[in-house]
Amino acid sequence: MDPVEARDLYPITRQYIFMNHAGVSPMSERARAAVEAMAGQLTAKPLTSPLAMEEADRLRESLARLFTCGADHIALTRSTAHGISLLAAGLDWQAGDNVVGARGEYPANVYPWVALGRRGVEFRMADNTGGRVTPESVLELVDARTRVVALSHVEFWNGYRVDLETIGEECRKRGVILAVDAIQSAGALRLDLSRLPVDYLAAGSYKWLLGPQGIGFAWCHPDLLPRITPALVGTASVQDRLNYFSYPTDRVDFETTARRLEEGNPSLLDMAAFAASVDVFLEVGPEVVERRVLDLALRLAEGLDRQGYEVIGPWPRDAGERSGIVSFRKPGSPPQEILRDLQASRIVGRIHADFVRLSPHFYNTEDEVDRVIDVLSPQAALQP
Ligand SMILES: Cc1ncc(COP(=O)(O)O)c(C=O)c1O
């Protein structure tokens with residue numbers, strides 16, 4: 001599907017210039033219709049098959065196509081933190097082990113690791129240099145007791161894209177797990193899990209994947225999967241899940257696929273919406289989506305730079321360091337004022353700390369980006 005054609009699927013575009021996909025995104029018309037159809041089915045018909053299991057498998061298949069991985073290596077979760085916590089809680093830690101993260105990460109990728117302190121695990125944070133989380137700063141904290149390096153693919157505050165290739169290759173050499181919070185990249189940037197040197201990746205659906213809050217996924221490398229002991233256990237986690245009577249009571253025979261990390265059926269309504277959202281990405285194509293996201297974000301950043309705004313660093317940045325997030329500020333203009341000007345023109349962004357963050361998606365247009373730049377131009381401020 002052509003991205004311009006796909007724009008019509010997002011009713012929000014008729015009322016707003018929506019550029020807060022790094023926050024909470026709108027859903028498509030198709031996702032709404034899928035939820036309604038599912039609700040209709042649930043209210044009018046008796047279930048004749050294990051519908052939730054079928055829908056979960058269908059969603060896993062779609063995610064696997066989008067991220068070039070095996071459907072058996074995907075678990076459905078409720079949130080990014082849920083996915084990360086399953087890994088954090090499921091490894092066999094020894095007191096004295098450590099996890100290396102980065103300062104300034106979104107807390108969903110910090111608290112699950114800090115919470116391991118009670119098991120004697122240390123959480124270390126790499127500093128960023130001018131907004132860059134570099135392989136050097138991360139790897140210099142890795143030592144013989146490091147079990148996991150836990151990083152966002154894209155930093156939520158400045159949109160810096162971390163070099164997962166270099167960090168992952170090095171982690172592989174040292175036998176360290178690379179776990180990635182991908183909520184700020186999945187759906188915006190192409191994620192080819194058949195070749196990224198990543199061991200575990202988690203994301204919620206409600207940002208760049210344009211799904212609802214309350215559902216997400218975790219992908220686990222097949223070599224790592226058997227090493228994670230499910231922290232939450234129920235019928236979904238086991239091999240013989242439909243055996244309600246003659247089950248063993250002296251052991252749990254965990255499912256060998258990533259479904260072992262699911263304890264029960266995920267929400268049918270959330271799965272309906274998420275699956276419909278993922279299908280749009282498959283139809284438009286992840287390469288097309290990525291190209292548009294990066295082009296629009298660059299056009300926005302360059303335009304703001306020309307208008308005298310300070311793009312939050314590093315700026316300018318290399319192609320491999322870019323994402324869909326553009327954060328900026330202007331000395332002397334409180335971010336609340338900037339946001340007010342944007343809101344007056346029905347442009348949706350958000351404030352973090354002392355800056356404004358905008359995050360266009362593939363269905364935004366060059367005209368919308370230019371409109372944002374016009375609204376924030378010094379000339380616009382002079383107009384009565
Ligand atoms: C990098 C990052 N991770 C995670 C989240 C959200 O976490 P969760 O899905 O657990 O609510 C956000 C939301 O802003 C984020 O920016």
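Whatever order the structure lists ligands and atoms in, that order sets their numbers, starting from 1.
Salt bridge present: R60 and E262 bring a charged side-chain N and a carboxylate O closer than 4.0 Å.
For the salt bridge (Lys or Arg N to Asp or Glu O under 4.0 Å) condition, no pair includes a residue of residues 202-230, sequence neighbours left out. Applying the salt bridge (Lys or Arg N to Asp or Glu O under 4.0 Å) definition to pairs two or more places apart or across chains, those involving residues 176-203 are E165-R195, R172-D199, R190-E287. Among pairs with a residue in residues 336-358, those fulfilling ring pair (Phe, Tyr, Trp, His ring centres under 6.0 Å) read F156-H352, at least two apart in sequence or across chains.
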For this session: Output, in order, the C-alpha distance, side-chain angles, deciding distance and verdict of ring pair (Phe, Tyr, Trp, His ring centres under 6.0 Å) for F281 and H361.
Result: CA-CA 12 Å; F281 286 91; H361 214 322; 5.8 Å; yes
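Taking the six-membered ring wherever Trp is involved, the centroid distance between the rings of H73 and F217 does not fall below 6.0 Å.
In this structure, ligand 1 sits under 4.0 Å from heavy atoms belonging to S79, T80, A81, Y106, A108, S152, F156, D181, I183, Q184, Y206, K207.
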